[in-house]
Every structure is written in C-alpha cells, then in structure tokens.
Number of protein chains: 2
Amino acid sequence: MARKTGSHSEITGPRIRDAALKLFARHGFAAVSMRQIAAEVGVQAGALYLYTPDKETLLLDLLRTHMDDLIADWVSADPGGAPVARLEAFVRFHIRFNLERADAVFLSYMELRNLGPENFAAIETLRRDYETRLETVLSEGAAAGIFALRDAKIAAYAIIAMLTGVNTWYREGGRLSRAAVGDLYWDMVRRSVAA
Amino acid sequence: MARKTGSHSEITGPRIRDAALKLFARHGFAAVSMRQIAAEVGVQAGALYLYTPDKETLLLDLLRTHMDDLIADWVSADPGGAPVARLEAFVRFHIRFNLERADAVFLSYMELRNLGPENFAAIETLRRDYETRLETVLSEGAAAGIFALRDAKIAAYAIIAMLTGVNTWYREGGRLSRAAVGDLYWDMVRRSVAA
DNA sequence: GTCTATAATCTGATAGAC
DNA sequence: GTCTATCAGATTATAGAC
C-alpha cells in the first residue's frame with residue numbers, strides 16, 4: 001500500500017537525532033535553535049515535537065544512546081583472559097570508538113551541564129560504569145603482579161583522559177593512520193602500568 | 001577627593017570578567033545572556049558595553065588572558081636543566097595551574113567554537129606554543145637517551161590530555177591531596193617515557 | 001505527519017537622561 | 001559610569017488546519 005504523502009515517521013526520527021547531534025557538537029546545545037534542526041532535516045519546527053517532548057530530552061536521548069553504545073560495544077570487544085591483552089584491547093577499542101563518534105564524544109563531555117539533575121545523574125552513572133570496567137582490568141592485573149599501580153581508579157581516569165585526547169588532534173588523512181595511533185598509545189599505556 | 005557616586009571603573013571591569021568566566025563555564029557561552037552577567041555584577045546590561053565592545057570579545061579576552069598566564073607561569077616555573085627534572089616540574093605545574101583555574105580551562109576547551117576564525121587562530125597559536133614547550137623537553141630527553149619515545153609530539157599531546165583530565169574528577173577535600181595527585185601522575189608519566 | 005500561525009518571552013546592542 | 005527605555009529580531013513550544 002502506498003504510503004501517505006508527507007508521512008515518514010520511521011526515517012524522520014533518526015534524521016532529527018543525526019542533525020541535532022551534528023549541530024549541537026558544532027555550535028553548542030544552547031546556540032542551536034529548534035528551527036535550525038528542523039531546517040537541516042527539511043521539516044518545520046513544529047514537526048520536531050512529534051519526536052521529542054522538548055529540546056533537553058532530545059539532548060538526553062543523544063547522550064544516553066551514546067553511553068549505552070559505548071558500554072555495549074566494549075562488552076563485545078572485551079576479549080577477557082589475560083589483563084595485558086584486555087588492556088591492549090581497551091586502548092585500541094576506546095581510540096577507535098571515540099574517533100568514529102567524535103560528535104557524540106564531544107557532546108558527552110561538554111553538554112552534560114544542560115541536563116537537569118536527575119538526567120545528569122543518569123548519564124554520570126553510565127560513565128562511571130565504563131570507567132569501572134577499565135579499573136577492574138587494572139586491579140586484576142595488579143593483583144596478579146602483572147601491573148604495578150599505586151591507585152587503580154586514578155590510573156583508569158588517567159588512561160581514559162589520555163586516550164580521549166586523541167579526538168582533539170587526530171585528523172583523517174594526516175601523518176598517522178588510526179592503527180599507528182593505536183600502537184603509539186598502547187606503547188605509552190603499557191609502560192605506564194607495567195610491573 | 002571623593003569619588004563620584006556610582007563610578008567604579010577600576011573594579012567593575014574585573015568583576016564583569018569574573019562573572020562572565022564563572023557563568024560561561026557553568027552554563028555555556030551561548031546560554032548566558034548579557035543581562036545575566038550584568039545581574040551577577042550588580043549593574044544594568046547597558047553598562048557592560050563600557051567595558052567590552054561585544055559578547056564575543058568578552059570571551060576572547062578571557063581565553064587570551066588564560067593562555068597568556070599559562071605560558072608565562074610555566075616559563076617562570078620551568079627549572080631548566082635536566083629533562084627529567086623539567087618534566088616532573090611540568091607535570092606538577094600543569095595539574096596545579098589547571099586546578100586553580102578550572103573555569104578558564106573548561107572554557108578554553110569548550111568555547112573556542114564561539115570565536116570567529118581569526119580569534120580562534122590566535123588562541124590556537126598560544127595553545128600550540130604551550131604544547132611545543134613540553135614537546136621540546138621530551139625531544140631533548142630522548143636525544144640524550146634519558147627518555148624512550150616513539151613520537152615526541154604525540155607523547156606531549158598524551159601527557160597534557162592525561163594531566164588536564166584531573167580537572168574532571170578532582171574535588172577539594174576528597175580522598176587525595178593535590179600533592180598526592182601530583183605524585184601519582186608523575187609516577188605514571190615518568191614510567192610512560194622512561195628509557 | 002506536517003504545516004502555518006501565534007503566544008509569551010528573551011536576545012544583543014544602542015540612545016540619551018542623569 | 002550607570003540607568004532606563006527601546007529596537008528589531010529570535011526563542012521554545014503549542015493550537016489547529018489539512
């Protein structure tokens with residue numbers, strides 16, 4: 001049966017989220033109007049409210065989806081087994097995942113402040129979950145005498161910050177391939193925690 | 001001679017910059033109105049334009065002052081001499097300076113996008129200057145066989161990102177003192193580049 | 001499902017009184 | 001140096017036609 005003209009609910013929703021992600025990352029949440037998002041999608045501003053109750057919820061959906069994907073993808077990528085192998089997998093996974101979703105990563109660090117307290121807390125819980133997964137790998141390696149750490153929690157923070165920093169300078173087609181970047185960072189991380 | 005009532009040019013200017021820094025960091029540049037800044041200072045919105053030609057220039061002044069101070073303070077703190085001592089001094093300096101100016105650090109990473117192209121380029125030049133100073137210490141240590149590095153530029157990016165990350169989790173009065181944080185990070189940095 | 005029109009409010013910036 | 005008043009336009013969100 002022919003679809004009613006102008007009815008595109010299954011594709012307009014994702015297109016709104018894509019446009020909002022791109023514009024929020026580029027200009028900042030507060031600087032982007034609902035009209036700009038609508039124009040990017042090709043609908044009128046009023047139509048957006050069929051897909052989100054308000055602007056903040058649109059941001060929350062983007063952030064929650066990103067954090068859920070991050071954790072789910074790491075759970076899939078985690079090889080388990082020896083702590084050294086798991087740590088190397090984490091380093092390469094984190095760099096790759098964050099480069100592939102640079103806009104969402106930027107939003108997750110910069111626009112949390114535009115969430116209400118309870119939404120903020122929900123995203124923070126997901127971030128803590130991810131950090132704790134790395135911390136656990138480090139702690140297990142330290143307990144096995146493979147890593148020498150003075151503080152597994154701080155080491156996890158330090159490693160994640162270092163890896164996420166790749167997003168601030170890496171440019172596709174530049175001097176280094178993604179694989180070369182992974183090699184360089186794994187070398188530094190490995191030595192920083194090696195026993 | 002008695003000052004004319006309501007005339008406070010030497011103190012209102014700094015108070016405007018203080019208020020703008022705090023509000024921009026808390027809510028984002030675009031989300032803060034000139035009226036909010038004025039209210040925080042205790043003047044009317046129109047009075048702000050005696051101190052800044054427009055909102056973007058107010059942001060630019062905050063960012064440029066921050067970067068100028070960062071570089072000048074590191075030049076003062078740099079002990080010179082042995083690369084290991086200089087690197088340790090850099091680690092402790094960067095953590096201390098950034099914790100003392102958390103709002104300005106956050107602004108410098110998040111609100112560059114609200115600057116016009118030429119102002120953006122001016123701030124980026126200052127940031128590159130700071131990064132290059134660390135890179136030079138690393139390169140000299142590598143040339144002397146004291147550090148083992150595969151890429152001094154990437155190592156500088158990695159170290160700066162790791163150290164700046166302290167701002168995202170450190171809370172005054174928490175489990176660790178600032179000195180203890182400096183010790184932990186210096187231990188990790190030292191091992192990540194040691195020959 | 002999308003559109004147009006609208007409500008109520010806020011925006012950056014300026015002019016002119018004091 | 002600060003205030004009040006104001007301009008011209010943008011803002012989020014909703015109501016109701018189609």
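None of the values given here were measured: they were computed from a predicted structure. Lettering of chains follows the sequences in order, A, B, ..., and the numbering in each one begins at 1.
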Identify each atom pair where a protein N or O and an N or O of nucleotides 13-18 of chain D are less than 3.5 Å apart, giving names and distance.
unit_1	atom_1	unit_2	atom_2	d
dA13(D)	OP2	Tyr49(A)	OH	2.8
dA13(D)	OP2	Lys55(A)	N	3.2

> Looking at residues at least two apart in the chain, or sitting in another chain, which of them share a salt bridge (charged side-chain N to carboxylate O under 4.0 Å, His left out) with Glu131(A)?
Replying inline: none
>> Suppose the criterion is side chain to side chain donor-acceptor pair (under 3.5 Å): which pairs have a residue in residues 106-117 of chain B, not counting sequence neighbours?
In response: Glu111(A)-Arg113(B), Arg113(A)-Glu111(B), Glu111(B)-Asn114(B)
> How is Val32(A) classified with respect to the nucleic acid when contacts are heavy atoms under 4.0 Å: base, sugar-phosphate, or nothing?
Replying inline: sugar-phosphate
>> So, using salt bridge (charged side-chain N to carboxylate O under 4.0 Å, His left out) as the criterion, who are the partners of Glu56(B) when residues are at least two apart?
In response: none
> Among Leu62(A), Asp61(A), Thr65(A), Leu58(A), which one satisfies side-chain contact (heavy atoms from CB on, under 4.5 Å) with Leu21(A)?
Replying inline: Leu62(A)
>> Can you measure Leu48(B) atom CG to dT14(C) atom C1' for me and round it to whole angstrom units?
In response: 13 Å
> With sequence neighbours left out, what residues match Thr52(A) under side-chain hydrogen bond (donor to acceptor under 3.5 Å, both in side chains)?
Replying inline: none
> Counting only side-chain N and O atoms of Tyr51(B), is one of them less than 4.0 Å from OP1 or OP2 of dT2(D)?
Replying inline: yes
>> Show every side chain to side chain donor-acceptor pair (under 3.5 Å) that has at least one partner inside residues 18-30 of chain A, sequence neighbours left out.
In response: Lys22(A)-Glu40(A)
> salt bridge (charged side-chain N to carboxylate O under 4.0 Å, His left out) with Asp151(A): which residues, sequence neighbours excluded?
Replying inline: Arg175(B)
> Who pairs with Arg133(B) by side-chain hydrogen bond (donor to acceptor under 3.5 Å, both in side chains), at least two apart in sequence or on another chain?
Replying inline: Asp129(B)
> Taking atom P of dA10(D) as reference, at what distance in whole Å does atom CD of Gln36(A) sit?
Replying inline: 11 Å
> Sequence neighbours excluded, which residues qualify as salt bridge (charged side-chain N to carboxylate O under 4.0 Å, His left out) partners of Lys55(A)?
Replying inline: none
> Is the distance from OP1 or OP2 of dT11(C) to the nearest side-chain N or O of Ser33(B) less than 4.0 Å?
Replying inline: yes
>> Taking side-chain hydrogen bond (donor to acceptor under 3.5 Å, both in side chains) as the definition, give me every residue that meets it alongside Asn167(B), ordered by chain and number, with sequence neighbours left out.
In response: none
>> How bent is the helix from dG1(C)-dC18(D) to dC18(C)-dG1(D), measuring the angle between the end axes built from five pairs each, rounded to 10°?
In response: 0°
> Sub-3.5 Å donor-acceptor pair from the side chain of Arg191(B) to the main-chain atoms of Ala148(A), do we have one?
Replying inline: yes
> Does Gln44(B) put a side-chain nitrogen or oxygen below 4.0 Å from OP1 or OP2 of dT4(D)?
Replying inline: yes
> Which residues within residues 12-27 of chain A lie with some heavy atom under 4.0 Å of an atom in DNA chain C?
Replying inline: Thr12(A)
